[in-house]
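Presented below is the structure to which this report refers.
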Amino acid sequence: MKKRLLRIIALAVAAVCLFSQYAVASVSPNIIRVNSNTEFAVEAAKIAAEYERQTDFSAEDCRIIGKVLSDGFDFGEYGAAKGVIGADGRFVLQFKSEEAASNCLAMLNADAKAAYAERDAVICTNSEEADGNGSLSWGTAAIEADKYSEYLGGLELERSVTVAIVDSGVAEIDFLKDKLVAGYDFIDADNDPSNDISSDSHGTFIASIIADCTQNAPVKIMPVRVIDSKNALIMNAVNGIYYAVDNGAQVLNASFGGALSKQYCRMLDEALAYAQANDVCVVASAGNEGINTNDYCPAHNISAITVTSLYENLSFADGLSNYGKEVDVCAPGMNITGYSASGELKKLSGTSMAAAFISASAALFRLEHPECNALQTQDAIKKSCADLGSAGFDIYYGYGIPRLSKFITDKTVYAEGISISETSAVLAAGESKALFAEVLPANASNRAVEWTSSAPQTVSVDSDGVLTALAEGTAVITAKSIDGEYKAKAEITVSGRLVPPSVVSLSVVSPPSKTKYIYKSGEQLELDGLVLEAVYSDGSKKTVTAEQGITASGFSTSSVGEKTVTVEYGGCTASFKITVEYAWWQLIIRILLLGFLWY
């Protein structure tokens with residue numbers, strides 16, 4: 001009987017487990033979870049490749065991209081045909097109708113566990129067919145990349161720098177034979193990004209500009225195919241950026257974009273922030289619409305080097321290039337000669353071309369200066385510029401056109417990091433403390449440091465790193481190098497009010513000037529000239545004078561003779577002696593009284 005009962009219980013438990021497994025598996029049968037950015041990108045590319053081939057509905061209008069805040073977020077109730085969720089919370093959900101996608105979008109945007117959700121959309125390349133004649137290298141010579149590349153080639157460097165071209169793929173033409181490294185194709189969802197079938201061979205053309213600028217230097221090109229003919233899905237562009245960052249790119253060329261009024265760009269902005277956080281220098285084309293870069297993505301992103309376009313006479317390509325306060329530099333962009341996917345020379349114009357010249361500049365600089373981060377690379381390119389347009393920075397030319405030969409003679413020692421004297425400390429409210437920061441290496445050209453407090457109402461910090469504890473709590477003090485924005489931090493805890501040290505002993509250094517045979521009966525005590533020494537509980541000493549709150553007792557002029565005066569300060573006492581004698585008129589009266597009594 002017991003054995004039968006145990007068997008029944010075991011069968012019941014097994015049934016429950018089996019049902020539970022089935023129930024869990026059936027919550028979201030078409031949605032998979034992955035653990036890396038590359039896995040996410042590959043699975044998302046497969047979804048796009050499958051559904052973009054269907055012609056009965058607009059696949060991108062039926063696709064939702066976004067990010068959730070909860071690891072256990074369940075997408076089962078949304079009815080997606082397919083989907084993928086990344087370890088960082090990013091997701092892609094593919095639907096078969098725009099209505100279903102709209103319902104999902106509304107539900108996600110109303111859910112507090114969703115950071116954001118938006119439709120996938122299309123962005124485009126920034127190039128146009130050009131007319132006229134010219135050589136392959138007019139732009140290369142204009143930024144002096146030929147001179148700088150030749151100089152670097154003579155250094156026989158053993159390292160290399162990789163530029164990711166997130167674009168339409170790069171054909172394996174002879175001109176690029178020694179430059180290409182492995183990439184990925186997010187259109188066909190495979191490892192062959194050489195199928196550049198874009199209408200203008202956009203990716204191959206961009207690659208040929210970079211190769212032309214770096215012929216003598218070990219600069220490699222990673223093709224990341226996200227554009228089909230002329231346009232790219234934001235989802236693919238985003239995944240292409242993550243892929244490039246995670247697979248070793250140090251510079252990333254983004255010669256694409258779209259007006260913010262038409263595109264959904266939060267996920268794209270997050271991808272650029274990811275690149276910056278991982279020390280990848282992103283170069284973005286300003287766009288060709290003749291509008292403000294503030295309304296264009298990714299050109300509006302301040303983490304990227306945004307590039308406008310120039311004619312051969314170095315004038316701004318007015319009407320054919322965007323402009324705005326986000327612009328960093330300008331570069332050759334009109335009537336540029338490069339290679340098509342078939343290996344033939346052709347001409348293109350646009351900010352896409354201008355961006356390629358700056359990507360090459362960034363790669364060459366990072367090749368010579370591996371110690372420099374992406375921000376320092378951006379700053380160095382700006383400082384190398386010859387000013388164009390209005391004096392100083394302007395919204396059309398930015399800081400001007402780079403002259404890379406300046407790097408050959410520039411002996412700047414770039415910051416490589418920063419250290420701080422303490423990483424934690426506990427203070428009492430009212431207490432002060434100095435922190436010290438050192439920019440590394442010790443011979444860095446710019447050693448300036450900026451100090452900030454995460455909670456200035458708790459702990460303030462001045463420009464010299466002196467802290468003042470103000471209230472109970474915790475604040476993070478950050479020392480940031482101006483060059484490279486390297487940071488070092490200290491956590492400061494304020495643990496209540498400051499208890500000042502107390503006086504433990506008091507002694508007389510100098511008695512008052514008026515002490516002996518001076519005081520007359522009836523006069524007031526004078527402490528002028530009195531000097532005391534106070535010794536405190538923390539071992540410190542302080543000189544105290546009569547004006548600093550000393551009180552006195554034990555003095556009386558009602559009788560003559562020697563008197564002991566006790567003075568008090570900070571709860572401790574000290575003493576000195578004075579003499580009181582009769583005044584002249586008192587002495588006469590006493591003589592008269594004695595005479596009277598004698599008679």
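Computation of the quantities below employed the complete heavy-atom set of this structure, encompassing side-chain atoms and omitting hydrogens, waters and symmetry-equivalent molecules. Nothing fancy with the numbering, it's 1 onward along the sequence.
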Could you measure the distance from the [atom1] atom of [X] to the [atom2] atom of [Y]? Nearest 0.5 Å is fine.
{"X": "E450", "Y": "K487", "atom1": "CD", "atom2": "NZ", "answer": "9.0 Å"}
{"X": "T412", "Y": "Y414", "atom1": "OG1", "atom2": "OH", "answer": "4.5 Å"}
{"X": "L233", "Y": "F186", "atom1": "CG", "atom2": "CZ", "answer": "12.0 Å"}
{"X": "W138", "Y": "I143", "atom1": "CH2", "atom2": "CD1", "answer": "10.0 Å"}
{"X": "K433", "Y": "S421", "atom1": "NZ", "atom2": "OG", "answer": "7.5 Å"}
{"X": "E371", "Y": "L440", "atom1": "CD", "atom2": "CG", "answer": "13.0 Å"}

Taking atom types as modelled, find out whether [X] and [Y] have a side-chain donor-acceptor pair closer than 3.5 angstrom.
{"X": "E270", "Y": "Y242", "answer": "no"}
{"X": "D483", "Y": "S481", "answer": "no"}
{"X": "T337", "Y": "K347", "answer": "yes"}
{"X": "Y148", "Y": "N216", "answer": "no"}
{"X": "N322", "Y": "T293", "answer": "no"}
{"X": "Q276", "Y": "S303", "answer": "no"}
{"X": "N37", "Y": "R90", "answer": "yes"}
{"X": "H300", "Y": "N294", "answer": "no"}
{"X": "D146", "Y": "T140", "answer": "no"}
{"X": "S198", "Y": "S168", "answer": "yes"}

Do [X] and [Y] touch side chain to side chain, with heavy atoms closer than 4.5 Å?
{"X": "I206", "Y": "N253", "answer": "yes"}
{"X": "T478", "Y": "V476", "answer": "yes"}
{"X": "L152", "Y": "L364", "answer": "yes"}
{"X": "I477", "Y": "T452", "answer": "no"}
{"X": "I305", "Y": "I381", "answer": "yes"}
{"X": "N247", "Y": "M222", "answer": "yes"}
{"X": "V170", "Y": "P193", "answer": "no"}
{"X": "F357", "Y": "C213", "answer": "yes"}

Among S384, S405, S149, S361, which one satisfies side chain to side chain donor-acceptor pair (under 3.5 Å) with E144?
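The single option meeting the side chain to side chain donor-acceptor pair (under 3.5 Å) with E144 is S405.
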
Closest non-hydrogen atom pair, [X] against [Y]:
{"X": "S432", "Y": "T468", "answer": "OG-OG1, 3.6 Å"}
{"X": "T306", "Y": "A299", "answer": "OG1-O, 2.8 Å"}
{"X": "S359", "Y": "V251", "answer": "O-CG1, 3.8 Å"}
{"X": "T214", "Y": "I210", "answer": "OG1-O, 2.8 Å"}
{"X": "A237", "Y": "V166", "answer": "O-CG1, 4.1 Å"}
{"X": "Q376", "Y": "G484", "answer": "CG-CA, 3.2 Å"}

Are D328 and K382 within salt-bridge range, i.e. N to O under 4.0 Å?
yes

Charged N to carboxylate O below 4.0 Å: is that the case for K325 and D394?
no

Is it true that atom [atom1] of [X] has more than 12 heavy atoms of other residues, nucleotides or ligands lying nearer than 6.0 Å?
{"X": "E422", "atom1": "CD", "answer": "yes"}
{"X": "Q457", "atom1": "CD", "answer": "yes"}
{"X": "L345", "atom1": "CG", "answer": "yes"}
{"X": "E416", "atom1": "CD", "answer": "yes"}

Geometric class of the Y184/Y243 ring pair [parallel <30°, tilted 30-60°, perpendicular >60°]
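Ring orientation, 0 to 90° scale: tilted.
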
Determine yes or no for a side-chain-to-main-chain donor-acceptor pair under 3.5 angstrom, with [X] supplying the side chain and [Y] the backbone.
{"X": "E472", "Y": "A428", "result": "no"}
{"X": "S454", "Y": "A475", "result": "no"}
{"X": "D387", "Y": "G400", "result": "no"}
{"X": "T377", "Y": "N373", "result": "yes"}
{"X": "S201", "Y": "A341", "result": "yes"}

Give the intermediate values and the outcome of side-chain hydrogen bond (donor to acceptor under 3.5 Å, both in side chains) for residues T351 and N288.
CA-CA 6 Å; T351 56; N288 301 344; 2.9 Å; yes

Check the pair Y274, D269 against side-chain hydrogen bond (donor to acceptor under 3.5 Å, both in side chains), reporting the backbone distance first and the verdict last.
CA-CA 9 Å; Y274 180 78; D269 282 341; over 6 Å; no

Start with the C-alpha gap between H202 and S352, add the side-chain angles, then the distance that decides, and say whether side-chain hydrogen bond (donor to acceptor under 3.5 Å, both in side chains) holds.
CA-CA 9 Å; H202 195 268; S352 284; 2.9 Å; yes

Kindly say whether the aromatic ring centers of F365 and H369 come within a distance under 6.0 Å.
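They qualify: ring centres under 6.0 Å apart.
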
